[in-house]
There are 2 protein chains.
Amino acid sequence: MAGSRPDRTRKRPDTYHHGDLRRALVHEAAKTMQAHGVERLTLRAVGDRLGVSRTALYRHFADKATLLAAVAREGFISLRGELLTAWQGAGRGLEGLDAMGIAYVQFAITHPAHYRVMFGGFIDSGIKDPEFEEQASAAFQVLVDALIALQREGLVRRDEPRQLAQFVWATVHGVAMLGIDGQLQHQHADARDLIQYAVDRLRAALAPRD
Amino acid sequence: MAGSRPDRTRKRPDTYHHGDLRRALVHEAAKTMQAHGVERLTLRAVGDRLGVSRTALYRHFADKATLLAAVAREGFISLRGELLTAWQGAGRGLEGLDAMGIAYVQFAITHPAHYRVMFGGFIDSGIKDPEFEEQASAAFQVLVDALIALQREGLVRRDEPRQLAQFVWATVHGVAMLGIDGQLQHQHADARDLIQYAVDRLRAALAPRD
DNA sequence: ACCTGAACACCGTTCAAGT
DNA sequence: ACCTGAACACCGTTCAAGT
């Protein structure tokens with residue numbers, strides 16, 4: 001074995017912890033969750049996978065719940081990005097709102113485990129870290145801003161924007177959750193079909209008072 | 001303390017298992033869940049509480065997931081009852097639909113742990129028993145029937161009833177979930193306020209084509 | 001400061017054995 | 001048929017000890 005380089009590509013990377021072990025932990029946890037579900041995620045396996053002690057993560061996270069909160073936080077950052085892309089990619093307007101709804105559900109059914117950690121009550125509400133809360137409301141704010149813009153153009157009724165946004169959010173969140181739960185299968189209709197119909201109904205629900 | 005009757009109120013009821021241990025297990029599991037959350041539910045504690053061996057329940061349930069499925073099934077039966085009561089109590093019609101939405105969210109925020117077991121993906125979709133599925137769709141059917149009745153009266157647009165019902169369900173389910181998750185608190189608005197607004201918007205969404 | 005290794009308390013589940 | 005008690009494999013977390 002020629003040690004030509006200070007070899008970084010060994011089987012057991014015992015120098016993974018050069019500062020961003022924290023980031024590596026979050027990434028690895030998200031990956032195994034995505035592959036096998038949240039309930040099958042064990043801290044020991046995460047440590048092993050990273051070639052690190054099983055207890056190493058306690059230098060970076062208070063406990064498992066805190067690690068999950070960090071994973072959820074990453075999820076909200078991704079979700080926010082998808083929403084913004086959809087909104088802008090569709091040229092804003094009512095089509096932009098439709099696109100956001102579809103992108104939202106698409107995100108959820110593409111990353112069901114991740115999505116469940118974000119909303120499944122794993123975080124123990126009330127004690128969830130501020131950085132979690134911050135990213136969650138940043139994602140929500142994208143929707144609020146979009147609705148305000150639509151109100152200015154006279155395309156959406158002028159109710160209190162946050163309440164309006166919560167209503168829309170609840171609808172797409174409901175479609176996403178039911179889809180993840182496999183509760184929409186019986187009629188060869190899935191979440192993708194339902195969100196298509198739902199954005200249509202939402203238009204009627206949000207139409208300005210005549 | 002006069003033992004006038006064949007005392008059924010002893011500290012350690014060692015004859016709990018006279019045939020309906022299964023029912024007792026489901027009831028006890030639901031109770032501790034309700035009190036301390038799903039994640040704090042242990043089979044050992046349930047057995048102890050019932051004065052029975054920790055492994056006694058394996059005579060009645062394949063594993064913990066199956067017990068939880070039975071608990072969820074009971075939840076759907078209760079939910080169905082609440083929905084029917086609300087619908088009929090409000091004299092059917094659009095007011096009946098509003099009442100159902102409000103009763104739905106009321107059920108969820110009153111029994112958050114129970115509700116989460118019903119929808120939180122604990123049941124491992126695909127392998128969930130038929131009796132679970134049966135009661136879930138029985139509850140859903142109440143909504144479908146109501147919407148069909150409203151369509152007949154010309155009060156609701158004549159879209160495919162199941163799709164219409166799924167849309168309504170997604171909305172109230174979303175409100176319920178966000179409420180349970182504590183995601184609606186920031187603006188001193190809670191799930192009860194939101195569902196009030198939501199049923200209003202739903203009326204617009206469901207209005208017949210003019 | 002950061003990580004390790006052994007230990008602790010706890011869990012779901014299995015299984016031979018009792019009645 | 002139904003239940004028990006001991007045992008197994010596994011988990012999150014703690015803590016003294018190493019560098």
Sugar-phosphate only, base, or nothing, as touched by Leu57(A) at under 4.0 Å among non-hydrogen atoms: nothing
For atom CZ of Arg59(A) and atom C1' of dT14(D), their distance in whole Å: 11 Å
Who pairs with dA7(C) - Watson-Crick or G-U, where each distance is under 3.5 Å: dT13(D)
Of the listed nucleotides dG12(C), dT13(D), dT14(C), the one nearest the side chain of Thr55(B): dT14(C)
Any side-chain heavy-atom pair of Leu97(B) and Leu202(B) under 4.5 Å: no
Spacing of Arg40(B) atom CZ relative to dG12(D) atom C1', expressed in whole Å: 15 Å
Between P of dC11(D) and CG of Leu67(A), the distance in whole Å: 15 Å
Side chain to side chain contact (heavy atoms under 4.5 Å, CB included) partners for Arg40(B), two or more places apart: His36(B)
Protein-nucleotide distance (Glu39(A), atom CD; dG12(D), atom P), rounded to Å: 13 Å
Options dC2(D), dG12(D), dC2(C), nucleotide nearest the side-chain atoms of Arg44(A): dG12(D)
Residues Asp145(A) and Arg92(A) bridged, charged N to O under 4.0 Å: no
Leu43(B) CG to dC10(D) C1', straight-line distance once rounded to whole Å: 15 Å
Atom pair distance, as rounded to whole Å: CZ in Arg22(B) and P in dC2(D): 12 Å
Distance test, side-chain N/O of His60(A) to OP1/OP2 of dC2(C), below 4.0 Å: no
Minimum-distance nucleotide to Leu21(A) side chain [options: dC3(C), dG12(C), dC3(D)]: dC3(C)
d(CZ, Arg54(B); P, dT4(D)) in whole Å: 11 Å
dC2(C) pairs with, by Watson-Crick or G-U criteria that keep both distances under 3.5 Å: dG18(D)
Nucleotide dC10(C), atom P - distance to NZ of Lys64(A) in whole Å: 18 Å
Those residues that, when tested against Gln135(A), pass side chain to side chain contact (heavy atoms under 4.5 Å, CB included) (two or more places apart): Arg73(A), Phe76(A), Ile77(A), Ala138(A)
Which nucleotide in dG12(C), dT13(D), dT4(C) has an atom nearest any side-chain atom of Ala56(A): dT4(C)
Ser53(B) side chain, from C-beta outward: closest of dT4(C), dT4(D), dT14(C): dT4(D)
Partner of His173(A) under ring-ring contact (aromatic ring centres under 6.0 Å, His included), chosen from Phe167(A), Phe107(A), Phe119(A): Phe119(A)
Among dT14(D), dC11(D), dC3(C), the nucleotide that comes nearest once only the side chain of Tyr58(A) is considered: dT14(D)
